[in-house]
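The structure appears below as structure tokens.
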Number of protein chains: 2
Amino acid sequence: MRVLKYAILGLLNRHECSGYDITSQFKEEIGQFWSAKHSQIYPELKKLVDEELVQFRTVIQGEKLEKKIYTITSEGQRELMEWVSASAPLPETEKDTFMLKMYFIGNLPKEEARELFADQLRLRRHKLKDLQQRYEGLKQTFGAEGAEVTFANPHLGHYLVLTKALAREQSYVDWLEEHVQIFG
Amino acid sequence: MRVLKYAILGLLNRHECSGYDITSQFKEEIGQFWSAKHSQIYPELKKLVDEELVQFRTVIQGEKLEKKIYTITSEGQRELMEWVSASAPLPETEKDTFMLKMYFIGNLPKEEARELFADQLRLRRHKLKDLQQRYEGLKQTFGAEGAEVTFANPHLGHYLVLTKALAREQSYVDWLEEHVQIFG
DNA sequence: GGTTCCATGTAATTAGTTACATGATTAT
DNA sequence: ATAATCATGTAACTAATTACATGGAACC
């Protein structure tokens with residue numbers, strides 16, 4: 001399926017990047033939905049160069065630190081658009097080890113089950129708070145409060161992933177809160 | 001991390017299974033949160049036998065069809081409980097290729113973006129409806145309508161994964177409906 | 001001078017999918 | 001009969017993580 005290929009093409013389509021830049025971006029908002037380690041990114045970039053979907057130039061940072069700046073080619077753009085626009089079936093499984101544990105939770109002593117559940121609630125609330133703060137920050141870059149997000153807005157992608165991550169975490173916290181009394 | 005190992009131990013802890021049974025269960029409710037193909041399951045079972053976490057006996061189905069029935073050992077149970085009860089950090093990334101596409105959607109012609117988004121809404125609504133029906137079915141096996149789900153209920157795991165899958169899909173559909181007008 | 005970050009790679013291993021391969025049983 | 005399901009395995013490949021390995025630049 002080569003999702004990483006398209007993730008990289010998509011990032012390069014926004015602006016040219018080094019391998020390190022791509023690694024960094026996977027630690028920010030888009031990392032909520034896709035990421036990869038540098039050890040996977042560098043070989044993939046090499047492959048994309050071979051396939052002529054990206055190009056690079058070498059620049060010197062400071063005295064002698066070499067860095068490779070990658071740009072997308074028009075063939076790369078074509079393949080990216082083709083992939084983005086193609087509708088795909090839903091994944092049968094969205095892996096979640098906490099929920100796998102929940103499937104087996106009845107075998108645990110109740111106190112241990114309660115602790116595990118409570119800890120998940122604590123972690124998810126913390127993450128939710130973090131995302132809410134990021135969202136407050138994003139709203140400011142949007143200028144006027146309450147201004148509508150349009151298709152043409154250059155921050156659309158950023159807005160969509162943040163609101164979706166927020167919705168996902170809010171739903172997780174809500175579900176945990178609704179069921180925490182089972183372990184009481 | 002060997003999650004499949006614990007997924008298999010958890011399933012065997014409920015009742016003895018053949019490799020085929022495990023494969024089948026990954027196509028049901030728990031498959032919403034974890035699954036594996038038979039080509040991964042059979043070698044893992046062999047490994048678990050080597051590690052003495054499971055045992056098996058061979059039974060003949062009909063005339064000559066051999067099938068291996070696996071059971072969990074007490075050491076297997078011990079390792080399972082240890083894993084289930086251990087709290088783990090949240091995953092940094094919960095992969096979702098549709099949302100990755102959304103991050104890049106601004107580059108697409110608006111009509112294509114609309115179609116992609118509308119199609120996802122269609123697929124997610126369909127899945128939600130399916131889960132709602134399964135939930136109606138589960139409620140019947142619970143007996144009295146409105147009866148509270150307790151920790152001791154033998155269907156607790158099943159109930160938790162179904163309600164969580166339902167919450168996840170409802171949240172997905174809600175988010176899509178809230179943002180579909182961007183592409184209008 | 002030390003710590004954090006910037007920067008790039010490879011090697012070894014583990015996890016997961018797709019394809020290959022075979023055959024019995026059950027329901028229609 | 002024939003199709004769907006039950007049943008088990010291996011081989012080849014792709015994807016992803018962890019560990020190994022190195023060194024420059026910026027900040028304090």
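Treat the numbers as computed from the prediction; the structure is a model and nothing was measured. Chain naming here is simple, since letters A, B, ... match the order of the sequence lines and numbering starts at 1 in each.
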Check: R168(B) side chain, Q32(B) main-chain N or O, donor-acceptor pair, under 3.5 Å: yes
First-last contacting nucleotides on DNA chain D - partner chain B, under 4.0 angstrom, heavy atom: dT5(D) to dA16(D)
Just the atom pairs and distances: protein N or O near nucleotides 25-28 of chain C's N or O, under 3.5 Å.
from: dT25(C); atom 1: OP1; to: Q61(B); atom 2: O; distance (Å): 3.2
from: dT25(C); atom 1: OP1; to: E63(B); atom 2: N; distance (Å): 2.4
from: dT25(C); atom 1: OP1; to: K64(B); atom 2: N; distance (Å): 2.9

H179(A) and Y159(B) aromatic ring geometry - parallel, tilted or perpendicular at 30°/60° bounds: perpendicular
Min side-chain heavy-atom separation L4(B)-I8(B) under 4.5 Å: yes
Which residues share a side-chain hydrogen bond (donor to acceptor under 3.5 Å, both in side chains) with Q25(B), sequence neighbours left out: none
Main-chain N/O of K67(A) paired to S18(A) side chain as donor or acceptor, under 3.5 Å: no
Hphob cluster co-occupancy, M1(A) + M99(B), side-chain heavy atoms under 4.5 angstrom: yes
d(CG, D21(A); C1', dC5(C)) in whole Å: 13 Å
Chi angles and distances behind the salt bridge (Lys or Arg N to Asp or Glu O under 4.0 Å) call for R2(A), E44(A): CA-CA 10 Å; R2(A) 294 194 63 189; E44(A) 186 67 36; 2.7 Å; yes
With E112(B) via side chain to side chain contact (heavy atoms under 4.5 Å, CB included) - residues at least two apart: S85(A), L108(B), P109(B)
Of Y20(B) and K68(B), the one whose closest DNA chain D nucleotide lies more 5': Y20(B)
Sugar-phosphate only, base, or nothing, as touched by K46(A) at under 4.0 Å among non-hydrogen atoms: sugar-phosphate
Residue-level proximity of residues 24-45 of chain A to DNA chain D when a heavy atom falls under 4.0 Å: W34(A), K37(A), S39(A), Q40(A)
Cation-pi geometry met for R14(B) and Y103(A) (6.0 Å, 45°): yes
Donor-acceptor contact below 3.5 Å, side chain S87(B) vs main chain L116(A): no
Proximity to DNA chain D (any heavy atom under 4.0 Å), residues of residues 77-95 of chain A only: none
E82(B)/K101(A) salt bridge by N-O under 4.0 Å criterion: no
Check: W175(B)/T163(A) side-chain N/O donor and acceptor closer than 3.5 Å: yes
Protein-nucleotide distance (R2(B), atom CZ; dT13(C), atom P), rounded to Å: 16 Å
Centroid-centroid distance, F151(A) to F183(B), less than 6.0 Å: yes
